[in-house]
Amino acid sequence: MKRFMLALALIVCVWGCSTIQENYTFADGTYKGSFKREIIWQPTDTSTVTLRFSGNTWSGSSSKPYYPALCKGTYSIIGDTIIFTNECAWTANFDGSLILGGKYKIKIKNDSIEISKDYRSATSDTHIDRYKLKRQ
């Protein structure tokens with residue numbers, strides 16, 4: 001029984017230690033694409049967005065005012081999460097949840113990036129903000 005438990009512990013350790021961690025980094029540059037707030041029960045607009053990344057800073061613009069609210073700030077990547085800080089002052093004349101800031105999931109494939117923030121929960125079915133960008 002001791003040998004079985006030791007072998008099991010060794011297998012779990014090797015299996016846990018050998019998991020492949022994906023690389024969640026991408027090249028600095030200008031990324032263009034779309035932003036959409038996906039709401040299941042109603043149609044939503046799509047805007048054209050441009051995000052520029054340099055070092056750990058970002059700046060951005062959108063074809064529609066405040067959809068999303070982009071300006072400039074810093075970012076960091078931890079695992080599959082990108083964390084944006086937004087350095088701009090904003091007025092209260094729009095939905096503040098459209099400001100690019102906080103934690104988002106990131107998927108990187110070649111020169112394309114998908115950034116999303118899921119506002120849904122077990123008790124609330126609200127929306128998902130999704131950026132789909134390609135390096136220019």
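All residue numbers in this chain count up from 1 along the given sequence. These numbers were taken from a predicted model, which means no experiment stands behind them.
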| field | Heavy-atom closest pair, residues Asp28 and Arg135 | value | O-NH2, 2.7 Å

| query | Who are the side chain to side chain contact (heavy atoms under 4.5 Å, CB included) partners of Asn110, not counting sequence neighbours? | reply | none

| query | Is a side-chain N or O of Ser63 found less than 3.5 angstrom from the main chain of Thr48, in a donor-acceptor match? | reply | yes

| query | Would you find a donor on one side and an acceptor on the other, under 3.5 Å apart, between the side chain of Asp118 and the backbone of Ile128? | reply | no

| Say you draw a straight line from NZ of Lys103 to OG of Ser76; how long is it, rounded to the nearest 0.5 Å? | 9.5 Å

| said: Given 3.5 Å as the limit, does a donor-acceptor pair link the side chain of Lys117 with the main chain of Gly101, or not? | reply: yes

| query | Quick one: does Leu51's side chain get under 4.5 Å of Leu70's, heavy atoms only? | reply | yes

| remark: Value for NZ (Lys36) from CG (Asp45), rounded to nearest 0.5 Å, stands at 8.5 Å

| task | Identify the two heavy atoms, one from His127 and one from Ser97, that lie closest to each other, and give their separation to 0.1 Å. | result | NE2-OG, 4.5 Å

| message | Contact between Pro68 and Leu100 at the side-chain level, heavy atoms closer than 4.5 Å - yes or no? | response | no

| task | Sort out for me which residue in Ile83, Thr81, Ile113, Ile78 forms a side chain to side chain contact (heavy atoms under 4.5 Å, CB included) with Ile106. | result | Ile113

| Is Ile99 reachable from Tyr66 through a run of I, L, V, M, F, W or Y residues, each pair having side-chain heavy atoms under 4.5 Å apart? | yes

| request: Indicate the atoms forming the closest heavy-atom contact of Tyr104 with Ile115, along with that distance. | output: CB-CG2, 3.4 Å

| query | Less than 4.0 Å between a side-chain N and a carboxylate O, is that true for Arg37 and Asp95? | reply | yes

| said: So which atom in Trp58 and which in Thr85 form the shortest heavy-atom distance, rounded to 0.1 Å? | reply: NE1-O, 3.1 Å

| Per the side chain to side chain contact (heavy atoms under 4.5 Å, CB included) rule, which among Lys132, Gln136, Lys134 passes with Lys32? | Gln136

| query | Taking all atoms of both residues into account, what is the closest heavy-atom pair of Leu133 and Ser34, and its distance? | reply | CD2-N, 4.4 Å

| message | Assess the residue pair Tyr119 and Asp129 against the criterion (side-chain contact (heavy atoms from CB on, under 4.5 Å)); give the C-alpha distance rounded to whole Å, side-chain angles, the decisive distance to 0.1 Å, and a yes or no. | response | CA-CA 8 Å; Tyr119 290 88; Asp129 287 347; 3.5 Å; yes

| Between Phe94 and Pro65, is any pair of side-chain heavy atoms under 4.5 Å apart? | no

| Pairwise side-chain contact, Tyr67 with Leu98, heavy-atom cut-off 4.5 Å (strictly under) | yes

| said: If you compare all heavy atoms of Ser116 against all heavy atoms of Arg130, which two are closest, and at what distance to 0.1 Å? | reply: CB-NH1, 3.8 Å

| For the residue pair Phe26 and Phe53, does the interplanar ring angle fall in the parallel (under 30°), tilted (30 to 60°) or perpendicular (over 60°) class? | perpendicular

| query | Are the side chain of Tyr75 and the backbone of Gly55 linked by a donor-acceptor contact shorter than 3.5 Å? | reply | yes

| message | Counting only heavy atoms from other residues, nucleotides and ligands, does the tally under 6.0 Å from NZ of Lys64 exceed 12? | response | yes

| request: Any pair with a residue in residues 47-84 that passes disulfide (SG to SG under 2.5 Å), sequence neighbours left out, goes on the list, sorted by first then second residue, please. | output: Cys71-Cys88

